[in-house]
Amino acid sequence: MTSMSRARVARRIAAGAAYGGGGVGLAGAAAVGLVLAEVQLARRRVGNGTSPHVPHADGLYGRTYAGPAAAPLRLTMLGDSTAAGQGVHRGGQTPGALLASGLAALAERPVELRTVATPGACSDDLDRQVALVLADPDPLPDICVIMVGANDVTHRMPPTRSVRHLASAVRRLRTAGAEVVVGTCPDLGTIEPVRQPLRWLARRASRQLAAAQTIGVVEQGGRTVSLGDLLGPEFAENPRELFGPDSYHPSAEGYATAAMAVLPSVCASLGLWPAEEERPDASRREGFLPVARAAAEAASEAGTEVAAAMPSGPRGPWALLKRRRRRRVPEQEPAPASPSS
């Protein structure tokens with residue numbers, strides 16, 4: 001499928017989400033039965049998580065920067081098991097902890113992490129998660145990171161419905177004053193036990209949803225980072241290193257790779273990224289594109305950011321596509337102790 005074809009499909013899904021249209025098949029209606037059967041088999045083979053336990057990671061990071069003049073930045077993680085960090089054993093290995101540590105080091109300010117992400121969640125659970133965030137008596141988060149989409153594909157949620165819930169979550173958080181970065185649907189074709197033809201269909205479905213998610217998020221004032229194959233060719237080339245023991249969720253190394261891809265966009269959304277790197281670099285094929293085309297290109301290349309750039313024109317909204325240089329995530333601090341421990 002060409003980039004223009006992917007852009008058209010993504011635009012149809014996003015338009016259906018915005019205007020309440022019916023579902024647009026991610027991989028084609030004829031393939032749905034096969035996909036479902038293969039997914040169920042793959043999930044039995046990989047276990048989809050050896051345990052529902054998610055290590056506790058919430059608390060204050062970057063304590064060395066604490067002081068009267070350094071109020072903590074507030075980071076909140078929303079979404080599914082990938083956002084929560086299922087599959088690792090220590091809180092410091094979760095993406096939230098890695099992002100909090102990295103953000104604290106780059107901002108030279110402490111970061112307060114809160115996680116409302118729930119293993120097994122689909123995009124329709126974001127309504128509940130956002131309500132929890134907005135109901136918190138503490139100050140609202142400065143930045144929210146959402147990772148969601150894989151369960152939408154495996155549970156056959158209509159993509160228009162999936163994007164509608166995600167766009168609504170971004171709109172509510174942005175209206176409340178929080179910056180929002182969304183890690184789009186990962187490439188389910190990289191799951192090691194998944195066989196053909198599901199591998200091809202899962203990759204196609206994942207990328208179509210990721211592109212549609214990007215359109216919905218950018219139009220609501222957020223920015224996206226393509227998680228793709230979590231994240232980059234090394235994940236497909238070294239699945240035993242970058243997948244966890246259940247062969248479904250990322251390992252500590254996989255989450256660190258994902259955090260390195262998302263961290264630059266988190267910092268940029270807060271105005272903490274070097275100004276010289278905010279300008280598009282033509283040598284890295286960065287630039288301004290119609291949002292649907294930018295979304296389609298980003299879905300095909302992991303670690304690519306898309307953010308709103310210009311008012312709508314004759315071809316619709318425009319976006320800035322960037323392939324940010326990844327910064328190494330600082331060595332994580334031990335996760336704060338659970339209040340119950």
Side-chain angles (χ1 to χ4, degrees), residues 6 9-18 20-29 31-40 42-43 46 48-49 77-84 86 116-130 145-171 180-191 194 198-220 222 224-230 248-250 258 295-296 298-299 302:
R6 288 194 296 270
V9 171
R11 170 56 69 190
R12 285 205 310 273
I13 295 172
V24 177
L26 281 171
V32 166
L34 175 61
V35 169
L36 182 63
E38 288 277 6
V39 164
Q40 296 302 330
R43 292 173 84 182
V46 302
N48 197 10
M77 301 293 296
L78 304 91
D80 56 23
S81 56
T82 303
Q86 185 173 356
V116 296
T118 304
C122 294
S123 292
D124 55 3
D125 191 55
L126 291 175
D127 300 346
R128 180 190 64 84
Q129 295 182 25
V130 171
V145 174
I146 303 174
M147 297 180 179
V148 75
N151 295 322
D152 298 38
V153 175
T154 61
H155 288 76
R156 294 195 298 167
M157 177 180 287
T160 51
R161 180 182 170 199
S162 173
V163 174
R164 187 179 304 123
H165 283 290
L166 176 59
S168 173
V170 174
R171 180 173 61 253
V180 180
V181 174
V182 175
T184 55
C185 182
D187 183 353
L188 298 180
T190 61
I191 299 174
V194 173
L198 175 60
R199 185 179 294 275
W200 179 84
L201 292 169
R203 173 164 288 119
R204 183 183 176 195
S206 304
R207 290 183 176 181
Q208 287 181 358
L209 179 56
Q213 287 177 318
T214 294
I215 296 173
V217 169
V218 169
E219 290 182 346
Q220 298 302 327
T224 63
V225 178
S226 170
L227 293 187
D229 52 5
L230 285 179
Y248 188 90
H249 292 99

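- Partner of Leu78 under the side chain to side chain contact (heavy atoms under 4.5 Å, CB included) criterion, chosen from Val116, Val148, Val182: Val116.
- A donor-acceptor pair under 3.5 Å is formed between the side chain of Thr214 and the backbone N or O of Ala210.
- Note that the CE atom of Met157 and the SG atom of Cys122 stand 4.5 Å from one another [nearest 0.5 Å].
- Contact of the Gln213 side chain with the Thr224 side chain is not registered, since no non-hydrogen atoms from C-beta on lie closer than 4.5 Å.
- Shortest non-hydrogen contact noted between Ala205 and Val153 is CB-CG1, 4.1 Å.
- Note that CZ of Arg207 is 11.0 Å distant from OG1 of Thr184, once rounded to the nearest 0.5 Å.
- Within the model, atoms CZ of Arg171 and CG of Leu166 stand 10.5 Å from one another, a figure rounded to the nearest 0.5 Å.
- Applying the side chain to side chain contact (heavy atoms under 4.5 Å, CB included) criterion to Ala83, with sequence neighbours excluded, gives Met77, Ala117, Met147.
- Minimum heavy-atom separation, Gly216 to Ala167: O-CB, 3.9 Å.
- With Asp152 as the fixed residue, the side chain to side chain contact (heavy atoms under 4.5 Å, CB included) test singles out one of Cys185, Pro158, Pro159, Ser123: Ser123.
- For Ala169, the side chain to side chain contact (heavy atoms under 4.5 Å, CB included) partners two or more places apart in sequence, or in a different chain, are Leu126, Val130.
- In this structure, the separation between CG on Asp80 and CD1 on Ile146 is 11.0 Å, given to the nearest 0.5 Å.
- Note: Asn151 CG to Thr82 OG1 = 8.0 Å, rounded to the nearest 0.5 Å.
- The distance from atom CD1 of Ile215 to atom CD of Gln220, rounded to the nearest 0.5 Å, is 12.5 Å.
- Qualifying side chain to side chain contact (heavy atoms under 4.5 Å, CB included) partners for Thr118, counting only residues two or more places apart in sequence or in other chains: Ala121, Asp125, Arg128, Gln129.
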